[in-house]
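Naming convention: chains lettered A, B, ... in sequence-line order (proteins, then strands); numbering from 1 in each chain.
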Amino acid sequence: MSVNTVPCTVKPTVTLQIGDAETDSSRPGVYVIDVTLPIGQTVNIQEISFKNYYTAYVSVRLLRRDGEGAARWATCLRNHCLMPSPHTEEGSQDYCSVYRQQMLIEPDNVTSVRLILRQPSSAWLNFSVEDIKIHPCLNEDSEWDIPDWLSDLTQVDQLCDLQGLPDPQTVSSSIQQMWALTEVMQTNQTTASIGRFDVDGCYDINLLSFT
Amino acid sequence: MMDEGTELSLTIAQIVQRLKATNLHSQIERQAKECLHRPEIQLESLKEDVRNFLKASGWERKLQNAVYRELHVQPLPRHPAAPPEHAKEPLAYMRKAQVNWEKRILKSLNSMCTELGVPLARKRPAVEQKELTNKWNEMGTDEPDLSRFRPVYAPKDFLEVLISLRNPNHDSSEEASAKSHWGLIQVPLHDRDIPQMREAYSELSLTTGQLGIDDHTHVPPDLFESEHILIGKKVVNEQDSAAAQQYSRQGCPTGLRADLWALVLNSTNEPEDVMHYEQLKAGVIHHDLLVDNLIYKDVKLTASNDDYYFVFEDFLYQVLLCFSRDTAVLEHFSYNSATPPKSYIQGKVGVEEFAVVYPPNGVIPFHGFSMYVAPLCFLYNEPSKLYSVFREMYVRYFFRLHSVSSSTSGIVSLCLQFERLLQTHLPQLFYHLREIGAQPLRIAFKWMVRAFSGYLSTDQLLLLWDRILGYDSLEIVAVLAAAVFAFRAENLMEVTSLTSAEAVLADLSTLKVMPLIQIFLFATVI
């Protein structure tokens, strides 16, 4: 789960409704939210995360740029269920993520994401998703700039006679062992509490506080 | 919503982290080291041999039980973007309602403090400490003046809070429709209907043997009882938590119940548990808390007046006073929608180094709280063991009965489940009671908040609590409440007021719970 997200604009929600939006008294059951990247940018999506607010089903479509530069829409997620029982609260305010592995197509070179939200139940006054974030794939094979002085280091096999100094291999392996021990000690730190409820023996309290 | 592999790794990592901090971890390590002297441990197959040894000597089973216990109390793995309060309670309006309710309780406690001029906590002078140590086993003989103290709240106050719960996003327009709910709880939580419960509670079906039904005197024991007791003995010998939980679904024999419940709850009575209890006792001796008076008052008003439980008065003090000092209970607040009250010592308000939790376990007792402990006194007579079992039952089940949450075992869900079962299967009765101003929940609420403790006879209550442990859920409490109404439906149809309805349902001590539940779940026409 990557913490980094791609900056994008979430457009205002569009209602899909049969009939006139103003005069129709029933509430819409489908909303569409477009999330676009800045012009010219594309992203390879690892994860789309959001917070649900009473949406029952979500479908996701992606606008991808192919090799020739043309952009095409494709569905990557169809009717993903967020609320198992649309009339009741289960899953209504959960934090959700849609991962690359769940998608029907490869979410690469994406310029725009369209979320189609459905809520068939008339029990709710409103529904949407909040905090939509797009997480890009982490680049694993990116080239790092190596500082010059690193390449100036002597190669191991070019070392000449040690003159009584210990063999660097044994030194480095014993240092590695010591480091491993310190790591083990750190991870073995207990999370158990001591059980004291007072502060230095004092537990004189007068009033409770509301924070 | 994470993918399964990651979720599993995260769960495993969390459980390993928690178990590393326990005494079991050091015990197993010690055992592993000591077994190296044994002849069957070969250097070539060291790992395998040590593991086989731990398995054969029962240590692997203890570890399994500990992992099983952690799975019971672990909150579900959180989405990385989800804040900690989401794990306590996912619905924002319920969190808000809980916060407001807590504020009311704190205000009430503060005003009691200022009115009576009693501090919330003070250190006992040495003389008083000595006196209390001497009197520890007979605190019931004390008759302190408790007239000025009043319980912080009673279940009916809490019921009013639940009745006023509203989801701001829910369309509650007044038109009558098929989904109109006649009851008092107006939040749309999910609940199970009878067909779903028939599947979930299949061990309670008409064709399966039950303690509470098939151990009746006129049923020959060969049909079910003898075999069931034999299996129970095996389960206790194997010391397997998961098996004990499954076994409890058909009821625990009286002679094995104490051991079985301790197994299901993974409640041990090792020297360190006894030591922990002694440490808590020392906490009681050293500091006097205002909540102690609330506990005294509650015990005097409820358990001491009860024909079955008054003999256990001293035990109740010994357990509840220590419970208030136990900071280990604070762990359960990560999955409880409630938050422990906070205070500052020496008047240093706002200075975090002087912040403390009050009471130390974060739980303010209400009227009837001692009834959670009372039935356990029939099973355990050693205070540290009794304490250990009670604490585990509290952090797994009882806390859900007095906090506002959307959990399926929470009191809100139980109330809704009760009302829905009644409306679906006894609509005439529900309608009649509504018309005469006797909303059924007003009568059933007090039963459910206490998980029926103090209302049923003890042997029946213990059979009910067997199933709570067996199914790891309080849902059965709501089912029983509906079943009781179904049982007394004829009489209830005749009444014309809330008081007479209450009179019909005042005495449940003659009821047999398992037949009622079985008939309601498996013999109701749907």
Side-chain angles (χ1 to χ4, degrees), chain A residues 1-3 5 27 47 49-54 80 82-102 121-128 131 133 135 187-211, chain B residues 1-3 6 17-18 20-22 78-82 86 90-92 103 106-107 109-110 113-114 119-123 167-171 179 187-191 276 279-280 283 286-287 325-328 330 341-347 349-350 353-354 356-361 406:
Chain A
M1 249 124 299
S2 40
V3 180
T5 61
R27 291 187 294 274
E47 177 192 341
S49 66
F50 52 87
K51 182 178 183 305
N52 189 15
Y53 188 73
Y54 295 94
H80 180 66
L82 299 177
M83 286 171 64
S85 173
H87 294 302
T88 65
E89 295 273 8
E90 220 180 311
S92 59
Q93 296 188 25
D94 281 350
Y95 289 82
C96 312
S97 275
V98 176
Y99 296 93
R100 193 187 172 89
Q101 299 91 306
Q102 293 169 276
S121 169
S122 58
W124 314 108
L125 297 173
N126 250 317
F127 66 96
S128 81
D131 280 344
K133 293 195 169 68
H135 304 257
T187 51
N188 266 344
Q189 269 169 14
T190 178
T191 52
S193 69
I194 311 171
R196 301 278 303 274
F197 57 80
D198 51 321
V199 176
D200 290 337
C202 174
Y203 196 65
D204 295 328
I205 310 172
N206 287 319
L207 287 176
L208 297 167
S209 77
F210 322 100
T211 35
Chain B
M1 301 280 286
M2 293 187 277
D3 71 279
T6 330
Q17 177 78 1
R18 284 185 56 81
K20 267 195 178 152
T22 60
R78 262 175 33 210
H79 190 273
H86 195 263
L91 303 181
K103 279 207 177 106
L106 298 191
K107 282 198 178 123
L109 206 50
N110 273 353
C113 243
T114 29
L120 284 172
R122 66 173 179 101
K123 199 169 169 77
N167 180 344
N169 194 34
H170 191 235
D171 182 8
K179 63 177 173 76
V187 287
L189 294 177
H190 181 71
D191 67 316
H276 178 66
Q279 192 187 3
L280 298 177
H286 289 140
H287 288 97
R325 270 66 170 180
D326 197 347
T327 52
L330 294 175
K342 197 165 146 179
S343 185
Y344 298 91
I345 54 167
Q346 294 171 3
V349 182
E353 299 88 63
F354 294 95
V356 286
V357 170
Y358 182 85
N361 72 345
S406 59

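- Of the listed residues (B:Leu120, B:Asn169, B:Asp191, B:Asn110), the one with the most heavy-atom contacts under 4.5 Å to chain A is B:Asn169.
- Taking every heavy atom of both residues into account, B:Tyr358 and A:Ile205 meet most closely at CD1-CD1, 3.6 Å.
- Residues passing the ring-ring contact (aromatic ring centres under 6.0 Å, His included) test with A:Tyr54, sequence neighbours excluded: A:Trp124.
- Ranking B:Asn167, B:Leu189, B:Asp326, B:Val357 against chain A, the residue ahead of the rest is B:Asn167, based on heavy-atom pairs under 4.5 Å.
- Across all non-hydrogen atoms, the minimal contact from A:Tyr203 to B:Ala121 is O-CB, 3.1 Å.
- Between A:Ser49 and B:His79, some side-chain heavy-atom pair lies under the 4.5 Å cut-off.
- With hydrogens and angles disregarded, a donor-acceptor distance shorter than 3.5 Å links the side chain of B:Ser343 to the backbone of A:Leu207.
- Checked by atom type and distance alone, the side chain of B:His86 pairs as donor or acceptor with a backbone atom of A:Gln93 at under 3.5 Å.
- In terms of the salt bridge (Lys or Arg N to Asp or Glu O under 4.0 Å) criterion, residue partners of B:Asp171 (sequence neighbours excluded) are, by chain and number, A:Arg27.
- Distance check, rounded to the nearest 0.5 Å: NE2 of B:His170 to CD of A:Glu89 gives 7.5 Å.
- Ranked by heavy-atom pairs under 4.5 Å with chain A, the list B:His287, B:Arg325, B:Arg122 is led by B:His287.
- To the nearest 0.5 Å, the span separating OH on A:Tyr95 from CZ on B:Arg78 amounts to 10.0 Å.
- The shortest non-hydrogen separation linking A:His87 to B:Pro188 is O-CB, 3.7 Å.
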